[in-house]
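One structure is given here, and the rest of the page talks about it.
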There are 2 protein chains.
Amino acid sequence: MTTKTSVHRIFNFSAGPAILPLSVVEEAQRDLVSLPGVGLSVLEISHRSKPFERILQEATADIRALAGIPDDYHVLFLQGGASLQFAMVPMNLIPPGGEADYIVTGTWSQKAVKEAARVGTVHVAASTQSENFTRIPRPDEIRLSGRGAYVHATSNNTIYGTEWREIPNVGDRPLVVDASSNIFSGPLDVARHALIYAGAQKNLGPAGVTLVIIRDDIARRSPSSIPTMLSYATHADNNSLYNTPPAFAIYVVGLVAKWLRREGGLEAIGRRNERKASQLYAEIDRTDFYRGHAQPESRSLMNVTFRLPSEALEKTFVADATAEGLDGLKGHRSVGGIRASIYNAFPEEGVDALAAFMREFERSHG
Amino acid sequence: MTTKTSVHRIFNFSAGPAILPLSVVEEAQRDLVSLPGVGLSVLEISHRSKPFERILQEATADIRALAGIPDDYHVLFLQGGASLQFAMVPMNLIPPGGEADYIVTGTWSQKAVKEAARVGTVHVAASTQSENFTRIPRPDEIRLSGRGAYVHATSNNTIYGTEWREIPNVGDRPLVVDASSNIFSGPLDVARHALIYAGAQKNLGPAGVTLVIIRDDIARRSPSSIPTMLSYATHADNNSLYNTPPAFAIYVVGLVAKWLRREGGLEAIGRRNERKASQLYAEIDRTDFYRGHAQPESRSLMNVTFRLPSEALEKTFVADATAEGLDGLKGHRSVGGIRASIYNAFPEEGVDALAAFMREFERSHG
């Protein structure tokens, strides 16, 4: 493509919406005015048309193949992001007068708790809030109520840079996971989950579509009293076509799923993510100049959070990095400092560039 | 652009997602890999970044200027389409034990009624269902309950090809309008509405974003008990940035708003839409071979619905038209026959082509 060499692109460490594979963006660009063999833009085609049906089917099939999703799970493309899932999960799954268990590992877990508490009783099964969410709870710290309709967990905590390294053991309770910030970043045992949801804009595609992977018996629990659009049963029964879906975002998610398969699938991408994160954590561990926020055993492969000796130095770090084309490194205000988000599509050269920048910055300011 | 001459594009009569201005799609294509001056794709930039803030501000400002939206109205970009608005409107606006008036002019009005009935009492103020929705109710047919928290109407009925030519007179009751299929197709007196909502995918942009124009005092009625994401107050207070918005869809809506302003604004586009629709209705009125579904006084400028002497001829009509690059003309099953959707972005050449095809088809099959 002629655009490849002519456009200026920088390294995007944004926590989300986040970087996409360049080949995906280039394919979307090439076909944006006219889908090959269709003669219309993907932005314009009817969601009931054959070309869109094929796009939806292929995206679903590629996601199923990628994550080895069992046949009794639906793959749904919804709207509203994880924030709307925070409400949909309890509205669909907590029975009248019922309760649910929540494991609280950060701001997003807390928001999920807040919405569930409008619907039923929330039992906080574990929380690391008193330690400013620097770690994931140990298995022995998780105390389930025994009466919860499900157990909710956040698999990766973008703000704090912590991540579950193993799926929490919840026995026979249905496990519901907000995987917005690490979905498909490594192998995934779908069968151990009742429901997985993820806003697309970190590891899957552009903002505007939410992937929901839900076991059929769980989708059947939706009470008929809730709004039609908020019922998992509605979307499962209509294969995400109850109303007009976010067609373009689904199309791009499909391209990303194909890219992940071409890259070798979840095992391969998981190894690459380990390599990328290790390189940055090695820079942090090498010196006292950088201090990681997350406890080592809870470190995220997606979001690497660290502090510098002073806030003034942190400001200089972000400004100098931006000037060198390393964009989006400012940490969230809850943690401060630096956050490097290095999702699936973030290239290894960008990690090399940041590691080199960290060494050089320490040398000149340490 | 080199793509302009090399790509194959057809005339898209789809009811929605529907045609976009070619210049808008070409601009989106040109900048898709790297927004000028940014170095990242609009698919990848943080919704908290300066470039996206500018996109959101410009889209809002262009929409405000285009429709002369008074200062006490919010312009919001939400998700979930009109289908989610069917639930949000009553959840936000019907008080406990309260009721609302609904004017029923088609399938979409009926769906809105169904969702409102989960929340409160629905008073059907008028309905043309017994006439298969061939017309809009006359002013003297509308009987308001007098106790409704608002009056809901559907301004254009895609399936039936009917449209309100004047805003329904509801006295001092707040008027809520689903304008999904004719928003910005002509002059709009926003001040006579309490709330206007529209899925973008017909006249505004791609699927995946819903425009909501809401008066501030109406947005303040949201009860704190409803899910955060379903509260108009949430989105009004956060300027559509409570959570990650559908950034790309908003960007394209912004480009469409700029295009509408360049084309001369709503007066000019309204005159063009009158011209386009008149040309097709003239073909229908010229002969008994074609029979319009909508009563003449209720005819839509957006969706022209008509029948042929037999279903067999209708099938041939659609097949032959498709072969000539006139796509998406099959009518909805509730009406049958033909539906030509000719939204704002549908070009006059396409209307000329369909009119010529109608004459030729009648000549060879009449």
Side-chain angles (χ1 to χ4, degrees), chain A residues 2-4 7-10 12 14-20 22 25-26 28-29 32-34 39-41 43-47 49 79-84 86-87 91 111 114-115 118 199 201 205-209 225-230 242-249 252 325 327-328, chain B residues 2-4 7-10 12 14-20 22 25-26 28-29 32-34 39-41 43-47 49 79-84 86-87 91 111 114-115 118 199 201 205-209 225-230 242-249 252 325 327-328:
Chain A
T2 55
T3 48
K4 210 163 189 170
V7 298
H8 162 69
R9 282 180 52 99
I10 57 183
N12 179 5
S14 170
I19 191 165
L20 291 169
L22 182 57
V25 182
E26 286 178 340
Q29 180 184 48
L32 197 66
V33 169
S34 180
L40 295 170
S41 171
L43 302 175
E44 303 171 305
I45 56 173
S46 168
H47 59 300
S49 68
Q79 294 184 65
S83 294
L84 189 56
F86 297 164
M91 289 171 81
K111 290 196 178 201
K114 186 180 156 208
E115 298 304 319
R118 298 180 192 281
Q201 67 270 12
V209 63
S225 57
I226 63 175
T228 308
M229 277 291 288
L230 300 187
Y242 171 73
N243 70 329
T244 312
F248 178 73
V252 179
D327 195 62
Chain B
T2 54
T3 47
K4 212 165 191 169
V7 298
H8 162 70
R9 282 179 53 98
I10 58 183
N12 179 6
S14 170
I19 192 165
L20 291 169
L22 183 57
V25 182
E26 286 177 340
Q29 180 183 49
L32 197 66
V33 169
S34 180
L40 295 170
S41 170
L43 301 175
E44 304 171 305
I45 56 173
S46 168
H47 58 299
S49 67
Q79 294 184 64
S83 294
L84 189 56
F86 297 163
M91 289 172 81
K111 290 197 177 201
K114 187 179 156 209
E115 298 302 319
R118 298 180 192 281
Q201 66 271 13
V209 63
S225 57
I226 63 175
T228 307
M229 277 292 287
L230 300 187
Y242 170 72
N243 70 330
T244 312
F248 179 73
V252 179
D327 195 63

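First the proteins, then the strands, lettered A, B, ... as listed; each starts at 1.
- Only the backbone of B:S225 comes within less than 4.5 Å of a heavy atom of chain A; no side-chain atom from C-beta onward does.
- Only the backbone of A:I45 comes within less than 4.5 Å of a heavy atom in chain B; its side chain stays farther off.
- In this structure, A:P206 and A:A249 approach most closely via the heavy-atom pair CG-CA, 3.9 Å.
- The two residues A:N243 and A:M229 have their closest heavy-atom pair at ND2-CE, 3.4 Å.
- Heavy-atom pairs under 4.5 Å with chain A peak, among B:I10, B:D327, B:V209, at B:I10.
- The heavy-atom pair separating A:I226 from A:M91 by the smallest distance is CG2-O, 3.8 Å.
- Among B:S14, B:A207, B:S83, the residue with the largest count of heavy-atom pairs under 4.5 Å with chain A is B:S83.
- Heavy-atom distances place the backbone of B:A18, and not its side chain, under 4.5 Å from chain A.
- Ranked by heavy-atom pairs shorter than 4.5 Å toward chain A, the options B:T244, B:V252, B:T228 are led by B:T228.
- One N or O on the side chain of B:E44 and one on the backbone of A:L20 form a donor-acceptor pair closer than 3.5 Å.
- If you tally non-hydrogen atom pairs under 4.5 Å between each of A:K111, A:H47, A:Q79 and chain B, the highest count goes to A:Q79.
- One finds the CZ atom of A:F248 at 5.5 Å from the CG atom of A:L32 (value rounded to the nearest 0.5 Å).
- When each of B:G208, B:G80, B:A15 is scored by its heavy-atom pairs under 4.5 Å with chain A, the top score falls to B:G80.
- Summarising the geometry of A:G39 relative to A:S34, their closest heavy-atom pair is CA-OG, 3.3 Å, with the distance given to 0.1 Å.
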